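Accompanying notes for the structure given below.
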Amino acid sequence: TRCKIVYVGILAGSRFLREIIKFVEKDERFEFHIGGFGIMENEVAEAAERCERIFYYGKLPYDKTLSLEQACDIMTAIYDPKVPNHKFAAPNKFYESLMLGKPVVMAYNTGFDEIIKKNNIGCLIEFDESGLSNGLNNLIKQKDEWLSMSERMKKLYKEQYSWAEMERRLVELYTSI
């Protein structure tokens with residue numbers, strides 16, 4: 001069975017979509033499932049017409065986004081490390097990958113390197129085509145570890161990033177003021 005990569009969000013060049021599309025078009029082992037809207041909509045729709053392993057769903061409501069992400073194998077949250085904000089932003093896709101227990105692909109120097117490395121919950125890539133190829137190939141080699149990776153991710157989410165945990169921390173913070 002093919003490995004399913006998923007991206008749902010703003011369809012913009014800065015999200016590394018062209019590179020993932022190009023990679024998937026060349027590698028039969030992968031599918032790419034894309035949802036969202038933005039300046040690249042036509043480009044993404046054309047890629048889906050060109051390649052039977054690329055699927056474009058258009059704009060999706062949040063529940064459908066989570067269903068699609070749950071049905072796939074690997075999530076991406078690849079942002080350009082040259083953009084200063086990307087070092088400090090907390091991407092929803094990272095938290096969704098934890099919550100769903102799906103290995104995540106992120107670029108080095110975009111804020112979550114240490115968490116991904118320390119917990120072995122995905123792969124970090126150089127922000128270029130060969131980095132993407134190396135990262136995805138390494139993830140495929142680790143496929144037998146995905147279940148334990150998933151369990152670590154869900155545990156990490158529950159213990160450190162879930163709303164219940166955030167609420168507990170906020171209440172603690174406010175009562176200490």
Side-chain angles (χ1 to χ4, degrees), residues 1-38 40-58 60 64-81 91-110 112-113 115-154 156-157:
T1 86
R2 290 194 180 109
C3 178
K4 297 175 182 171
I5 302 167
V6 63
Y7 172 86
V8 181
I10 301 296
L11 305 181
S14 62
R15 299 293 195 247
F16 220 62
L17 300 173
R18 285 184 187 101
E19 293 81 355
I20 300 169
I21 287 168
K22 199 185 288 186
F23 175 84
V24 169
E25 283 177 331
K26 287 188 226 161
D27 195 321
E28 294 279 330
R29 300 172 300 165
F30 293 89
E31 292 178 3
F32 191 22
H33 295 260
I34 309 160
F37 61 95
M40 285 182 63
E41 276 177 63
N42 291 342
E43 207 174 319
V44 169
E46 286 165 15
E49 294 215 357
R50 226 178 21 246
C51 179
E52 78 283 353
R53 292 174 290 101
I54 296 175
F55 304 87
Y56 176 48
Y57 302 91
L60 294 171
K64 296 270 192 288
T65 294
L66 291 177
S67 296
L68 178 60
E69 290 170 349
Q70 184 63 58
C72 291
D73 303 305
I74 295 173
M75 291 181 61
T76 63
I78 305 172
Y79 305 98
D80 188 343
N92 287 339
K93 295 299 150 202
F94 174 73
Y95 298 115
E96 287 170 16
S97 73
L98 289 181
M99 180 178 76
L100 298 170
K102 301 291 176 175
V104 63
V105 180
M106 294 186 90
Y108 282 107
N109 302 313
T110 52
F112 289 86
D113 312 41
I115 297 168
I116 291 171
K117 220 180 313 185
K118 184 176 144 202
N119 296 285
N120 184 23
I121 55 173
C123 72
L124 295 165
I125 66 166
E126 295 298 334
F127 193 73
D128 58 32
E129 286 181 39
S130 66
L132 177 70
S133 178
N134 293 340
L136 288 171
N137 283 312
N138 286 337
L139 258 185
I140 289 288
K141 286 178 194 156
Q142 294 181 295
K143 201 167 187 172
D144 56 339
E145 295 173 40
W146 286 4
L147 187 60
S148 62
M149 209 180 271
S150 178
E151 288 163 3
R152 280 194 305 279
M153 293 177 88
K154 289 175 182 176
L156 191 63
Y157 178 78

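Every value quoted in this text rests on a predicted model; they were computed, and no experiment measured them. Positions are given from 1 along the sequence.
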When the aromatic ring centroids of F23 and F30 are compared, is their separation below 6.0 Å? yes

With a 4.0 Å cut-off, would you call E28 and R2 a salt bridge? yes

Among L132, V105, I54, the one residue meeting side chain to side chain contact (heavy atoms under 4.5 Å, CB included) with I20: L132

Would you sort out whether E41 and I34 count as a side-chain contact (heavy atoms from CB on, under 4.5 Å), showing the intermediate values? CA-CA 10 Å; E41 276 177 63; I34 309 160; over 6 Å; no

Using 30° and 60° as the class limits, which term best fits the ring planes of F112 and F94: parallel, tilted or perpendicular? tilted

Is E96 paired with K93 through a side-chain N to carboxylate O contact shorter than 4.0 Å? yes

Residue list, salt bridge (Lys or Arg N to Asp or Glu O under 4.0 Å) with R18, at least two apart or on another chain: E43

Going by the rule side chain to side chain contact (heavy atoms under 4.5 Å, CB included), which residues pair with D113 if we only count those two or more places apart in sequence or in a different chain? Y108, N109, L124

In this structure, are over 12 heavy atoms from other groups packed under 6.0 Å from N42 atom CG? no

Treating R53 as the side-chain partner and F32 as the backbone partner, does any N or O pair qualify as donor plus acceptor under 3.5 Å? no

Considering residues, nucleotides and ligands other than K64, do more than 12 of their heavy atoms fall under 6.0 Å from its NZ? no

Pair M75, E69 - check side-chain contact (heavy atoms from CB on, under 4.5 Å), show working. CA-CA 7 Å; M75 291 181 61; E69 290 170 349; 3.5 Å; yes

